[in-house]
Amino acid sequence: MTVPVIAIDGPTASGKGTVASRVAQALGFHYLDSGALYRLVALAALEAGVEADNVQELVRLARGLAPRFEAGRVWQDGRDLTLAIRREEVGRMASRIAVHAALRAELLRLQRAFRRPPGLVAEGRDMGTVVFPDAKLKVFLTASDEVRAARRYQQLIEQGFTANICDLLADLRARDERDMNRPVAPLKPAEDAYRLDSSALTIDEVVRCVLDRYRGEHTP
Ligand code: C5P
């Protein structure tokens, strides 16, 4: 029997992360934050002084990844990188390196290895279109630019970072632009995706929508 997957894709700061981990928790499923993998490669590249266009080195760094995701924390080589990978600089680098087909191909195997019984909730940009095209449910989660900038601002402040909301707005628009217009695995809804705009919804409401949809369609 194939292991069911719920794919949740959408632009930066659309709330995918929180929604996906809450849905996974409610169903007792595993959870994959695919963006964290791109961010781990980005951080390793920044630390090693590898440029965003050095595909060969980036692929080598990706091959060396053996991250552990535990209780909301991300470990790599015995280091807790949970906060380090959330830095804006790392997110920007992640989006720049994510354009390379060879790097994306290298990360495919790692992402698919998260598919284990009883099920997986995977979030990112291409979960429903490329990584898990046979997902049982595909959700494309959006929110207005302003709402997303405000959410990102709140998140950074809570994590103890300083932030400027106008810079965040400009940055997320630039990142969307790059994610939507790259030739390989661009950010776009899968044809059979359930589209949900969370601008005026609470996290609880979005989680409920996704769970209702999944249970309505996939439980006897
Ligand atoms: O989701 P998050 O903001 O953590 O992702 C960081 C960057 O990694 C994104 O801006 C995107 O360019 C890239 N990414 C991707 N495909 C994914 C997940 C993330 O290209 N499945």
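Heavy atoms only: backbone and side chains are in, while hydrogens, waters and symmetry mates are out. We count ligands from 1, going down the list as the structure has it; atoms in each ligand are counted the same way. Start at 1 with the first residue, then count along the sequence. Every value quoted in this text rests on a predicted model; they were computed, and no experiment measured them.
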Item to complete: Flag the pair Arg182 and Asp126 as a salt bridge only when some basic side-chain nitrogen lies within less than 4.0 angstrom of an acidic carboxylate oxygen.
Response: no
Practice prompt. Please determine if Arg60 and Glu57 form a salt bridge, counting it only when a charged side-chain N lies under 4.0 Å from a carboxylate O.
Written response: yes
Worksheet item: Between Arg39 and Glu89, is there a salt bridge with N-O shorter than 4.0 Å?
Response: no
Worksheet item: Should Arg152 and Asp171 count as an ion pair when the cut-off is N to O under 4.0 Å?
Response: no
Worksheet item: Contact residues of ligand 1 with a heavy-atom cut-off of under 4.0 Å?
Response: Thr12, Lys16, Ser34, Gly35, Tyr38, Arg39, Arg86, Ala94, Ser95, Ala98, Arg104, Gly124, Arg125, Asp126, Met127, Arg175, Asp179, Arg182
Item to complete: Determine, for Asp176 against Arg173, whether the closest basic-nitrogen to carboxylate-oxygen distance falls under 4.0 angstrom.
Response: no
Worksheet entry | By side-chain hydrogen bond (donor to acceptor under 3.5 Å, both in side chains) - contacts of Asp33 (at least two apart) | Arg86
